[in-house]
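Order of the sequence lines fixes the chain letters, A, B, ..., with proteins taken first and strands second; residue numbering starts at 1 for each chain. We use all heavy atoms of the structure for the numbers below, so side chains are in, but hydrogens, waters and symmetry mates are not.
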Amino acid sequence: MSKNTPTVVAMHWFRKGLRLHDNPALKSALEQSPQKFFPVYVLDGNAYQLLRCSPLRANFMIECLQDLDSSLKKLGSRLYVLEGDPTIVLPAKFEEWGVTHLSFEEDETGEPYAAKRDEMIVQKAQAMNVNLFTACSETLYPLKDYMKKGTAGGKAIANSMGSFQKLFNSMPAMKKVLPAPTKDDFPDMKEENLYDGEFVPPKRPTDLPWPRGIPKDQVEYVWGANDCRNLTPAVRGGESIARKALKESLKDSNWVATFEKPQTSCTSIKPSTTALSPYLSWGCLSPREVWTALDEAISKATTNGRSKPPVSLHGQMLWRDFNNLMAHDANRESPGCWNKIEGNKYCRNVPWDDDPQLLEAWKKGQTGFPWIDATMRQLRQEGWIHHLGRHAVACFLTRGDLWQSWEEGAKHFEAELLDADYALNGFNWLWLSCSGFFYQYFRCYSPITFQMKNDPNGNYIRKFVPELRNVPSKYIYCPWEAPSGVLEKAGVNLGKEYPKPIVDHLEVSKENMNRMKQAYDAQKKREAERKSTSASKKQRMS
DNA sequence: GGTCCGTTGGGCGC
DNA sequence: GCGCCCAACGGACC
């Protein structure tokens, strides 16, 4: 290196996108041929991913960071884990390490914490003459590209799956999947620059920072040393294990080619779907790589049958992009509205009740409806539930039975699901509560009969609600209908070992349909009034 | 204003 | 396992 060559010190900032494969921002930073390279992750207790975060989720994140660190070490590098507010911690490191180039994957959904954070970092980096390299690799296409194409000529952006599919099919060829960097791509860092023993990734949830400015007794989840001891995560975190899982789940090419989501089971003990969603939401897997892997698997299939979007596996990837696009569009007009009722243009305002006891019973799996409770307990136990199970419990909490706000349900899912995803979670809660995108509120999931035909023996309930494991199949979905002798023999006193149903499903679901109709009518009225006011305003002005 | 559609409802009869 | 009705939503398109 000649004396006059300025030193290139690059930093790649991992946030989501916790992977080395198909990581275009990481690649572009390495392409600057840096003399020093710092892959960093910032643990911020106030980040939305940590603020309300179950022990299983915290543990999953730690596994992702540990894996990233060990993969980087194999390439002669390592992960530098910092702690605090990134907008303060990172500029300090720019200074200390002499950073000249910063790369990161863009967050396009407009999630408020990320949006504010990135705006601030970009400002500070520019002020400090740090060159920025960003890339969109969270979705199959950049959301801004969908927006551009989908609103050309003053069109409204696609807001149904059908119209989104048309938009998707009109997009140009997808970007190629990038290989992971190799040892040669990394600079030789002198030992003193590796900061051995410093900035090490957390090993257990208790190593994670607390939210700042929130008293400990008001933090919803306290990460104790033994919190994960009795829990059994559905999947383990990290890019390495994610790549194995991808290969494994797509090896039966006929299964991949004929996959139809509604035909999969939500009462099977092991996931009947790919269960790759946690890897996509944390970015351990690249969506484009999954898409390509699906193409490859299907090309090897020997059956004639081919499932199609929206129910096929490709279709599941499309749903993901569509949901991200909707979150992006909603937040573009009203920042941070996506997981809220207020100000969300895609959300109808339904006057939900606010009953903490009902909400708590739902969260704990103590509603007295065995299948609902089993599903909610699987969520707590494993951090994952089948999509249709999510439908049923979401319907139950909101328009179906308990009439509680979907915002509360969404918060709980965000905290407990390993695959919690800002865009997808918001979309599905809007959908299930009939607040947006889906409006057929007279189609209501039965908390009793919906799964009877798929799991007549109630094995799923027996696993997750062990109090009921000896109840005969005939009554396993509705123990309150069993003669007392039958329950006694099974060792269950309703109201003691297991609760009586907290509502009368037939009664409240009927009632709630009427409330839904009233809410819709009220919304129509409000809209008509708004229209006539704005029309008369216009008239007055002219 | 009419018609058709919307990833995965429930219940009945056949 | 399929077709049909239940009572009836909004939105796109004509």
Item checked: Within 45° cone of A/Phe60 ring axis and under 6.0 Å: A/Arg236 NZ or CZ ->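 Pair A/Arg236/A/Phe60 does not count as cation-pi.
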
Notebook entry, point to check: Looking at A/Phe450, A/Tyr498, A/Trp480, A/Trp362, which one forms a ring-ring contact (aromatic ring centres under 6.0 Å, His included) with A/Phe369?
Noted result: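 Result for ring-ring contact (aromatic ring centres under 6.0 Å, His included) with A/Phe369: A/Trp480.
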
Distance check needed: [N] [atom2] versus [X] [atom1], whole Å only.
{"X": "A/Gln263", "N": "B/dT7", "atom1": "CD", "atom2": "C1'", "value": "11 Å"}
{"X": "A/His386", "N": "B/dT7", "atom1": "NE2", "atom2": "P", "value": "17 Å"}
{"X": "A/Ile157", "N": "C/dA12", "atom1": "CD1", "atom2": "C1'", "value": "16 Å"}
{"X": "A/Tyr441", "N": "C/dG11", "atom1": "OH", "atom2": "C1'", "value": "15 Å"}
{"X": "A/Lys155", "N": "C/dC13", "atom1": "NZ", "atom2": "C1'", "value": "14 Å"}
{"X": "A/Trp319", "N": "B/dG6", "atom1": "CH2", "atom2": "P", "value": "11 Å"}
{"X": "A/Met516", "N": "C/dG10", "atom1": "CE", "atom2": "C1'", "value": "12 Å"}
{"X": "A/Met513", "N": "C/dG10", "atom1": "CE", "atom2": "C1'", "value": "17 Å"}

Note to self: Once you apply a heavy-atom cut-off of 4.0 Å, does A/Arg390 come out as touching a base, just sugar-phosphate, or nothing?
What the structure shows: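 If one applies the 4.0 Å heavy-atom cut-off, A/Arg390 turns out to touch nothing in the nucleic acid.
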
Check: Between A/Arg390 and A/Asp419, is there a side-chain N and carboxylate O pair less than 4.0 Å apart?
Finding: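 Judged by the 4.0 Å cut-off on N to carboxylate O distance, A/Arg390 and A/Asp419 do form a salt bridge.
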
Next item on the list: Determine the sole option in A/His21, A/Arg19, A/Arg243 for which the side-chain hydrogen bond (donor to acceptor under 3.5 Å, both in side chains) test with A/Glu289 is passed.
Entry: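 By the side-chain hydrogen bond (donor to acceptor under 3.5 Å, both in side chains) criterion, A/Glu289 pairs with just one of A/His21, A/Arg19, A/Arg243: A/Arg243.
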
Under 3.5 Å for both donor-acceptor distances, Watson-Crick or wobble: does [N] have a partner, and if so which one?
{"N": "B/dG13", "answer": "C/dC2"}
{"N": "B/dT8", "answer": "none"}
{"N": "C/dA12", "answer": "B/dT3"}

[atom1] atom, [N] versus [M]: distance in rounded Å?
{"N": "B/dG6", "M": "C/dA8", "atom1": "C1'", "result": "14 Å"}
{"N": "B/dT8", "M": "C/dA12", "atom1": "C1'", "result": "23 Å"}
{"N": "B/dG2", "M": "C/dC6", "atom1": "C1'", "result": "22 Å"}

Check: What distance separates A/Leu143 CG from A/Glu138 CD, expressed to the nearest 0.5 Å?
Finding: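 So the gap between those two atoms works out to 8.0 Å.
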
Note to self: Exactly one of A/Glu467, A/Arg469, A/Lys463 should register a side chain to side chain contact (heavy atoms under 4.5 Å, CB included) with A/Val465. Which one does?
What the structure shows: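 Exactly one candidate clears the test, A/Glu467.
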
Item checked: Given C/dA12, B/dT8, C/dC9, the nucleotide with the shortest approach to the side chain of A/Asn159 ->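 Among the listed nucleotides, the one closest to the side chain of A/Asn159 is C/dA12.
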
Next item on the list: Compare the minimum distances between each of C/dG11, C/dC9, B/dT7 and the side chain of A/Arg348, then state the nucleotide with the smallest one.
Entry: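 Minimum distance to the A/Arg348 side chain belongs to C/dG11.
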
Do [X] and [Y] have their ring centres less than 6.0 Å from each other?
{"X": "A/Tyr439", "Y": "A/Trp431", "result": "no"}
{"X": "A/Tyr520", "Y": "A/Tyr441", "result": "yes"}
{"X": "A/Trp338", "Y": "A/His328", "result": "no"}

Item checked: Minimum side-chain heavy-atom gap A/Tyr445-A/Val393 below 4.5 Å ->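 Side-chain contact under 4.5 Å: no.
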
Margin query: I'd like to compare against my own output: the B/S/- annotation of nucleotides 9-14 of chain B with a strict under-4.0 Å heavy-atom distance to protein.
Written below: BSS---

Note to self: I want to check one thing: is the phosphate of C/dC9, taken as OP1 and OP2, less than 4.0 Å away from some side-chain N or O of A/Lys517?
What the structure shows: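 True: A/Lys517 side-chain N/O within range (under 4.0 Å) of C/dC9 OP1/OP2.
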
Check: Got a sec? Which of residues 518-528 of chain A come in under 4.0 Å of DNA chain C, heavy atoms?
Finding: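 Heavy-atom contacts with DNA chain C come from A/Tyr520, A/Lys524.
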
